[in-house]
Amino acid sequence: MNIKIAPSILAGDFGQLGQEAKRAETGGADWLHIDVMDGHFVPNITIGPDVVKALRKSTKLPLDAHLMIDHPDKYAPEFVKAGADRVSVHVEAPHPLEATLKSIKDLGAKCGIVFNPNTPFTISKEVGQLVDYILIMSVYPGFGGQKFITEVLDNVKAAREFANQSGKEIDIEIDGGITPETTPQAAAAGANVFVAGSAIYGKPDISQAILDIRSAAEKAVS
Ligand code: DX5
Ligand code: ZN
């Protein structure tokens, strides 16, 4: 399995986001995860397209934008134009899912769908043909530093089963409460992309923190 580590800049210092992005890059990250919140879909407000545009100049890492917003169909293209390489949208948000995914792909980015912990994994044939990756939330979105919800492992397994049968390479990403301790269960269930905020930016040595999560995932699937 192609294991990737995606530090979530939400846990970084917002006073120096450019440097925080660089720290992830030199620390060995594969992607930079960017949590976009609108104060409607989730009770918090974070980052908009202009900040993504600025981050684009600070790092060569693929930018993985996770849109926790209502009406992502209106804004997803803005994030691609700002420099996001991957954009994921929640299946629970009000929007025409297929059309939103198409708009992301048409602009040349990878598109993903996200499931909250209480949304059982299901996927239509049409959406299945479009998606490049599936993000399973292991906390309720809105804030970093929450505890991993073990029940979501069923969603990870179902998403991995779908990915294996799809005939294409679909990443299964997991986000929320990821630490070296929770990573093995997620990896064993089929996740291959690990988003971590506090377990990376909250540690004094980012390289070591990334390595610890990577080793935990590799060990669990070897
Ligand atoms: C939660 C965000 C996560 C968050 C993860 O709404 O989607 O990406 O930053 O933070 P930790 O790793 O601290 O749970
Ligand atoms: Zn996220």
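Whatever order the structure lists ligands and atoms in, that order sets their numbers, starting from 1.
- Ligand 1 has an N or O atom lying under 3.5 Å from an N or O atom of Gly145, backbone or side chain.
- Seen from the ring of Phe194, Arg214 does not count as a face-on cation partner, given the 6.0 Å and 45° thresholds.
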Can you check side-chain contact (heavy atoms from CB on, under 4.5 Å) on Ile172 and Tyr133, steps first, answer last?
CA-CA 6 Å; Ile172 307 299; Tyr133 63 111; over 6 Å; no
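- Distances from ligand 1 to the non-hydrogen atoms of Gly176 include at least one value under 4.0 Å.
- His66 contributes atom ND1 as its closest N/O/S atom to the Zn ion (ligand 2).
- Atom numbering of ligand 1 starts at 1 in the shown order; those under 4.0 Å from a heavy atom of Pro141 are 6 (O).
- Judged by distance alone, the side chains of Asp35 and Ser8 do bring a donor and an acceptor atom under 3.5 Å apart.
- Annotation for Leu130 and Cys111: closest pair O-SG, 3.4 Å, computed over non-hydrogen atoms.
- Residues Gln19 and Gln16 share a closest heavy-atom pair of OE1-OE1, 3.1 Å.
- Shortest distance from the Zn ion (ligand 2) to Asp35 is reached at OD1 (N/O/S atoms only).
- Annotation: Gly177 places an N or O atom under 3.5 Å from an N or O atom of ligand 1; distance criterion only.
- When each atom of ligand 1 is checked for a heavy atom of His66 under 4.0 Å away, the hits are 7 (O).
- Residues Ile47 and Val52 share a closest heavy-atom pair of CG2-CG2, 4.1 Å.
- Near Met68, meaning under 4.0 Å from one of its heavy atoms, ligand 1 places the atoms 6 (O), 7 (O).
- Of the options Gly142, Ala196, Ser88, the smallest heavy-atom separation from atom 6 (O) of ligand 1 is shown by Gly142.
- From the protein, the heavy atom lying nearest to atom 1 (C) of ligand 1 is Phe143 O, 3.6 Å.
- The His33 neighbourhood of ligand 1 comprises atoms 8 (O), with distances under 4.0 Å to a heavy atom of that residue.
- At a heavy-atom cutoff of 4.0 Å, ligand 1 is contacted by the side chain of Ser8 but not by its backbone.
- Between the side chains of Asn164 and Glu161, no donor-acceptor pair of N or O atoms lies under 3.5 Å.
- Applying the 4.0 Å criterion to heavy atoms of Met137 picks out, from ligand 1, the atoms 7 (O).
- Each of the following atoms of ligand 1 lies closer than 4.0 Å to a heavy atom of Met37: 6 (O).
- Looking from atom 3 (C) of ligand 1 to the surrounding protein, the closest heavy atom is Asp175 OD1, 2.9 Å.
- The aromatic ring centroids of His95 and His90 lie 6.0 Å or more from each other.
- The nearest protein atom to atom 4 (C) of ligand 1, hydrogens excluded, is given as Asp35 OD2, 3.7 Å; this is a heavy-atom distance.
- With Gly202, Ser198, Gly197, Gly144 as candidates, the residue nearest to atom 13 (O) of ligand 1 on a non-hydrogen basis is Ser198.
- Looking at Asp175, its N, O or S atom nearest to the Zn ion (ligand 2) turns out to be OD2.
- Side chain to side chain, Asn192 and Asp171 meet the donor-acceptor criterion of an N or O pair below 3.5 Å.
- No hydrogens or angles considered: nothing links the side chains of Asp70 and His40 as a donor-acceptor pair under 3.5 Å.
- Counting all heavy atoms, side chain and backbone alike, Leu61 lies closest to Ala21 at CD1-O, 4.3 Å.
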